[in-house]
Amino acid sequence: MPCLTYRNACVEFVDDVYEPAEDSFLLADAALVFVNRGIKILEIGAGTGFVSAVIQANMDVDLLATDINPHAVKCASVNGVPTIRADMFSAFKPVQYFDMIIFNPPYLPTLEEDKVPGWLNYAFDGGVDGTDSLRRFLENVGLYLCPTGIVLLLISSLTGVEQTISWMQEVGFEAEVVAREKCFFEELVVLKGTLKSKNR
Ligand SMILES: C[S@@+](CC[C@H](N)C(=O)[O-])C[C@H]1O[C@@H](n2cnc3c(N)ncnc32)[C@H](O)[C@@H]1O
């Protein structure tokens with residue numbers, strides 16, 4: 001299996017699972033800035049487990065990941081990331097438990113004819129306007145995050161940075177850009193969300 005080495009982590013990747021790319025690197029780097037020893041982390045949509053593996057290789061944390069793609073669950077597990085198969089938060093009770101929740105969602109605007117075959121489609125397909133997974137995540141994430149926890153969310157300028165910040169505010173978060181990088185036809189951005197004090 002091909003293997004990618006990055007910041008002390010060695011991650012294997014396979015067909016049918018999203019291959020780590022610039023978005024994965026930017027999110028992993030941002031996560032390393034905010035991670036502290038022993039915190040409870042949930043990554044939604046782990047793919048190969050790249051982001052979580054980088055965190056685990058650099059900090060002693062209590063981490064769990066999910067993916068809807070069974071090939072991703074297997075791949076991330078092989079890469080040493082404890083991963084369960086679940087659609088978004090479906091495996092969890094709505095308890096404010098995690099100190100950090102991370103998501104690099106599928107965000108490409110996708111019509112029926114744009115879909116790629118098989119499970120890999122879940123890595124890219126953000127619905128007709130690219131925001132289906134993002135909005136579903138934002139509507140629910142506050143139920144699983146510790147009152148003082150943080151959300152790290154990878155988005156693209158294609159998704160709309162100001163629009164996403166506004167959605168985060170609507171569901172009770174303060175949001176700020178903590179990393180950004182121009183990449184081909186888009187700009188990749190990491191948003192950090194913290195619950196507004198009245199929502200804690
Ligand atoms: C853009 S890829 C990111 C993968 C990895 N986190 C990374 O940064 O390299 C999005 C991942 O989210 C997963 N995914 C999409 N919808 C999901 C859902 N509803 N529940 C769980 N995982 C989902 C996909 O299968 C895919 O692995």
Side-chain angles (χ1 to χ4, degrees), residues 1-7 9-32 35 41-57 63-92 98 100-110 114-141 143-144 151-159 164 179 181 183-184 186 188-191:
M1 264 195 269
C3 179
L4 175 67
T5 303
Y6 189 76
R7 302 210 188 285
C10 179
V11 174
E12 294 183 352
F13 52 98
V14 293
D15 292 346
D16 292 327
V17 179
Y18 184 77
E19 184 178 331
E22 285 74 9
D23 50 350
S24 320
F25 305 146
L26 192 68
L27 184 56
D29 286 350
L32 289 182
V35 79
I41 301 178
L42 173 64
E43 183 182 7
I44 300 290
T48 58
F50 175 83
V51 176
S52 288
V54 169
I55 295 171
Q56 289 185 143
L63 186 149
L64 186 59
T66 71
D67 207 291
I68 198 165
N69 173 352
H71 304 291
V73 174
K74 189 169 172 207
C75 182
S77 302
V78 166
N79 284 321
V81 175
T83 308
I84 55 175
R85 181 153 186 248
D87 179 3
M88 203 71 68
F89 296 101
S90 60
F92 304 103
F98 295 100
M100 181 185 280
I101 301 183
I102 301 170
F103 192 27
N104 177 6
Y107 59 73
L108 293 180
T110 307
D114 302 322
K115 290 183 191 287
V116 301
W119 290 102
L120 190 59
N121 186 60
Y122 280 97
F124 304 110
D125 186 347
V128 173
D129 73 353
T131 67
D132 284 6
S133 294
L134 168 67
R135 282 185 287 118
R136 213 174 126 214
F137 174 81
L138 290 177
E139 279 157 18
N140 291 287
V141 66
L143 300 171
Y144 303 87
V151 171
L152 291 178
L153 183 61
L154 188 294
I155 62 162
S156 157
S157 49
L158 296 176
T159 322
T164 308
E181 183 179 309
C183 185
F184 305 112
E186 60 186 334
L188 301 170
V189 170
V190 179
L191 292 177

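We're numbering straight along the sequence, starting at 1. Note that this is a predicted model, so its numbers are computed, not measured. Start at 1 and go down the list; that is how both ligands and their atoms are numbered.
Residues forming a side-chain contact (heavy atoms from CB on, under 4.5 Å) with Val116 (at least two apart in sequence, or on another chain): Leu120, Asn121, Phe124. Partners of Lys74 under the side-chain hydrogen bond (donor to acceptor under 3.5 Å, both in side chains) rule, at least two apart in sequence or in another chain, do not exist in this structure.
Within the 4.5 Å cutoff, the side chain of Val54 has heavy atoms near those of the Tyr6 side chain.
Annotation: salt bridge (Lys or Arg N to Asp or Glu O under 4.0 Å) contacts involving residues 21-32, sequence neighbours excluded, comprise Arg7-Asp29.
Listed for the Asn79 side chain is no donor-acceptor partner under 3.5 Å among the backbone atoms of Val81.
Annotation: Tyr122, atom OH; neighbour count of heavy atoms from other residues, nucleotides and ligands within 6.0 Å does not exceed 12.
Protein residues with a heavy atom under 4.0 Å from ligand 1 are Tyr18, Ser24, Glu43, Gly45, Ala46, Gly47, Val51, Asp67, Ile68, Asn69, Ala86, Asp87, Met88, Asn104, Pro106, Tyr122, Ala123, Arg136.
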